[in-house]
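The block underneath contains the structure these notes are about, expressed in structure tokens.
Atom set for the values below is all heavy atoms of this structure, side chains included, hydrogens, waters and symmetry mates excluded. Everything numeric in this text was worked out from a predicted model, so none of it was measured.
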Amino acid sequence: SLATTGYPLPNTFYAKASTATLFSWRTLRETAVYHWQDNPVSLLLLLPGLLPLWRRSRLAVLWLLGLPLFTAVIIDFTWHHGRYTMPLIPFQVAAAAVGAYWLAQRFSQRMWRKVLPIGLGALLLLGGVWGVPRWAAMHGNNAREILDIDVALGQWLADNTPSDALIAVDDIGAITFLAQRRIVDMNGLVSPEVWPAVRLPDRETRSRELTRILSRLQPDFMAAFPLWRWEIVSNPLVAAERYHVSTPTHTIIFQQDAYVYEMTWPYVTQVDPQRPLDVMLGDGIQLMGVDTAVADDALSLTLFWQSVAPAAVNYDVFIHVMNEAGEIVAQADRQPVGGLAATSTWQPGDVVRDPLTIALPPDLPSGSYTVQAGMYLRETGARLPTADGDSVLLLVFTR
């Protein structure tokens with residue numbers, strides 16, 4: 001692992017392990033609840049079994065006590081029925097059997113020494129059997145959810161995407177196996193290149209950085225849960241919905257709805273604008289050019305920005321449509337690509353494709369109109385300067 005990825009532990013550890021505190025009492029509490037639900041009798045008999053078990057196998061006791069504590073250090077909450085501590089179950093039952101035998105030996109009468117282990121063993125068996133209907137129903141719901149979501153997405157991708165398509169995926173297992181497509185794992189299990197985004201604590205910042213990373217890789221489609229990727233998939237400048245699946249229950253799947261989106265990524269490597277420009281805004285941002293299209297009711301623009309130096313803040317883009325008297329008749333103000341490619345995320349050399357559409361007033365009189373653009377800091381209103389002032393002339397059109 002160290003030679004391949006540069007990290008000593010597997011990708012799965014770095015993708016899953018994260019904790020906001022030194023120790024998660026929630027994880028420890030949830031682990032105890034899951035194991036109680038699995039077999040309460042085994043937990044009760046475990047306590048008297050620890051001491052005699054320690055004399056026989058210290059490693060088994062250390063495993064029983066150490067794994068829940070270690071799990072509470074590395075994750076904030078349990079996943080999928082406490083699956084990371086399921087390896088405790090056979091040791092838990094063995095320790096309970098030792099506890100039952102130890103309790104029986106505390107009695108002086110020979111009959112109790114024989115009968116009590118049998119009785120406690122029967123209780124231990126019943127303790128496991130009583131939960132079978134509940135876990136069977138849970139397993140059925142779990143399996144149906146995977147079929148309804150992951151299997152359905154994988155089959156759709158196999159039938160409806162080119163064989164060389166690259167897919168950005170949230171849940172890689174069944175989707176990847178059935179789709180038989182190249183994938184980028186957005187959670188980093190098999191794609192360590194996304195780790196810089198996965199590790200960011202703030203969801204909005206994480207979405208912006210993930211967008212920047214995925215733009216370099218250029219996935220053609222994204223198979224995602226919208227609640228995980230809301231900032232990306234809700235942006236119509238980037239994502240177009242192509243397929244939707246849902247499931248009626250919510251027992252193991254992250255969300256009951258998932259989608260396939262066709263993607264248009266904002267960071268690009270090459271541009272060929274209709275109108276090339278070479279205008280510096282401030283010391284760190286260059287406007288390379290613009291594509292324009294004027295209709296009766298709207299003005300469509302695509303601005304091409306390049307980062308020359310890192311920006312510590314998020315600038316807004318303004319577009320002003322002005323009449324011959326210099327009055328603003330239509331405008332747009334927002335961060336690049338609707339905030340998904342905020343300037344604080346840009347790195348030197350990044351090129352950003354920034355499309356937008358401005359509605360024109362239906363009663364706009366005939367005449368000549370100019371379209372100007374620039375950047376400003378929303379908190380203060382201060383604009384980034386250019387060589388000729390604080391805005392750039394993009395277009396002149398007549399009505």
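Residue Leu45 comes nearest to Ala100 through the heavy atom pair CD1-CB, 4.2 Å, listed as atom of the first residue, atom of the second, then distance. Considering every non-hydrogen atom in both Leu237 and Gly338, the closest pair reads CD1-N, 4.2 Å. Annotation for Asp170 and Asn187: closest pair O-ND2, 2.7 Å, computed over non-hydrogen atoms. Across Val392 and Thr386, no two heavy atoms sit closer than the pair CG2-CG2, 4.1 Å. Counting all heavy atoms, side chain and backbone alike, Arg206 lies closest to Pro201 at NH1-O, 3.3 Å. Between Pro52 and Trp102, the closest heavy-atom pair is CG-CD1, 3.8 Å.
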Just do the side-chain hydrogen bond (donor to acceptor under 3.5 Å, both in side chains) check on Glu145 and Thr249 with the steps written out, would you?
CA-CA 7 Å; Glu145 290 169 17; Thr249 58; 2.6 Å; yes
Verify side-chain contact (heavy atoms from CB on, under 4.5 Å) between Gln286 and Asp278, making sure each step is shown before the conclusion.
CA-CA 7 Å; Gln286 178 187 17; Asp278 184 10; 2.4 Å; yes
Tell me, with the steps shown, if Val194 and Met186 meet side-chain contact (heavy atoms from CB on, under 4.5 Å).
CA-CA 7 Å; Val194 306; Met186 292 187 286; 5.7 Å; no
Working note: Thr31 + Thr27, criterion side-chain contact (heavy atoms from CB on, under 4.5 Å); need CA distance, chi angles, decisive distance, verdict.
CA-CA 6 Å; Thr31 299; Thr27 298; 4.2 Å; yes
Would you please test Thr251 and Asn142 for side-chain hydrogen bond (donor to acceptor under 3.5 Å, both in side chains) and show each step?
CA-CA 6 Å; Thr251 59; Asn142 290 173; 2.6 Å; yes
Go through it in stages, so that I can follow the logic: the residues are Gln218 and Trp265, the test is side-chain contact (heavy atoms from CB on, under 4.5 Å), and I'd like the CA-CA distance, side-chain angles, deciding distance and then a yes or no.
CA-CA 7 Å; Gln218 289 289 308; Trp265 298 101; 3.5 Å; yes
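In this structure, the side chains of Leu384 and Tyr315 come closer than 4.5 Å at one or more pairs of heavy atoms. Put simply, the side chain of Val233 does not reach to within 4.5 Å of the side chain of Glu241, judged on heavy atoms. Residues His81 and Tyr34 meet the side-chain proximity criterion, which asks for heavy atoms closer than 4.5 Å.
The hydrophobic cluster containing Val351, built from Ile/Leu/Val/Met/Phe/Trp/Tyr side-chain heavy atoms closer than 4.5 Å, also comprises Val268, Val271, Met288, Phe304.
Hydrophobic clustering (side-chain heavy atoms under 4.5 Å, transitive across Ile, Leu, Val, Met, Phe, Trp, Tyr) keeps Tyr101 apart from Val93. Note on Leu120 and Leu46: separate hydrophobic clusters, where clusters join Ile, Leu, Val, Met, Phe, Trp and Tyr whose side-chain heavy atoms are under 4.5 Å apart, directly or indirectly. A continuous path of ILVMFWY side-chain contacts below 4.5 Å connects Leu301 to Ile285, so both sit in one hydrophobic cluster. A continuous path of ILVMFWY side-chain contacts below 4.5 Å connects Tyr259 to Leu214, so both sit in one hydrophobic cluster. Hydrophobic clustering (ILVMFWY, side-chain heavy atoms < 4.5 Å, transitive): Leu123 and Val98 are in distinct clusters.
Atom CG of Asp164 has more than 12 neighbouring heavy atoms from other residues, nucleotides or ligands inside a 6.0 Å radius. Under a cut-off of 6.0 angstrom, the local environment of CZ in Arg134 is crowded, with over 12 non-hydrogen atoms contributed by other residues, nucleotides or ligands. At most 12 non-hydrogen atoms from other residues, nucleotides or ligands lie less than 6.0 angstrom from NE2 of His139. The 12-atom threshold is exceeded at CG of Asp202, counting heavy atoms of other residues, nucleotides or ligands nearer than 6.0 Å. The number of heavy atoms from other shown groups lying within 6.0 Å of CG (Asp159) is above 12.
Applying the ring pair (Phe, Tyr, Trp, His ring centres under 6.0 Å) test to every pair with at least one member in residues 180-236, sequence neighbours left out, gives these pairs: Tyr7-Trp195, Tyr14-Trp195, Phe225-Trp228, Phe225-Phe254, Trp228-Phe254. The list of ring pair (Phe, Tyr, Trp, His ring centres under 6.0 Å) pairs with a residue in residues 145-178, not counting sequence neighbours, reads Trp156-Tyr243. Each side-chain hydrogen bond (donor to acceptor under 3.5 Å, both in side chains) pair with one or both residues in residues 349-362, not counting sequence neighbours, appears once here: Arg212-Asp350, Trp305-Asp354, Arg334-Asp354.
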Got a list of side-chain donor-acceptor pairs under 3.5 Å for residues 366-379, not counting sequence neighbours?
from	atom 1	to	atom 2	distance (Å)
Tyr369	OH	Pro365	O	2.6
Gln372	OE1	Ser391	OG	3.3
Tyr376	OH	Asp333	OD2	3.2
Arg378	NE	Asp316	OD2	3.2
Arg378	NH2	Asp316	OD2	2.3

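Between the side chains of Gln92 and Ser42, at least one donor N or O sits under 3.5 Å from an acceptor N or O. Looking at Ser344 and Asn314, their side chains do bring a donor and an acceptor atom within 3.5 Å of each other. One side chain, Asp148 or Thr247, offers a donor N or O that lies under 3.5 Å from an acceptor on the other.
Rounding to the nearest 0.5 angstrom, the gap separating the CD1 atom in Ile253 from the CD1 atom in Ile149 is 5.5 Å. With rounding to the nearest 0.5 angstrom, the CG atom of Leu53 is 7.0 Å from the CG atom of Leu64.
A side-chain donor-acceptor contact under 3.5 Å links Asn39 to the backbone of Leu124. A donor-acceptor contact shorter than 3.5 Å is absent between the side chain of Glu193 and the backbone of Ile213. A donor-acceptor contact shorter than 3.5 Å links the side chain of Arg181 to the backbone of Pro162. Without hydrogens or angle criteria, Arg399 side chain to Asp296 main chain gives a donor-acceptor distance under 3.5 Å. No donor-acceptor pair under 3.5 Å is formed between the side chain of Thr345 and the backbone N or O of Ala341.
Listed by chain and number, the residues in a ring-ring contact (aromatic ring centres under 6.0 Å, His included) with His35 amount to none (sequence neighbours excluded).
Ion pair Arg203/Glu231 flagged as a salt bridge, since at least one NZ, NE, NH1 or NH2 atom sits closer than 4.0 Å to an Asp/Glu carboxylate oxygen.
Ring geometry, Trp25 versus Phe23: the interplanar angle exceeds 60°, so the pair is classed perpendicular (tilted spans 30 to 60°).
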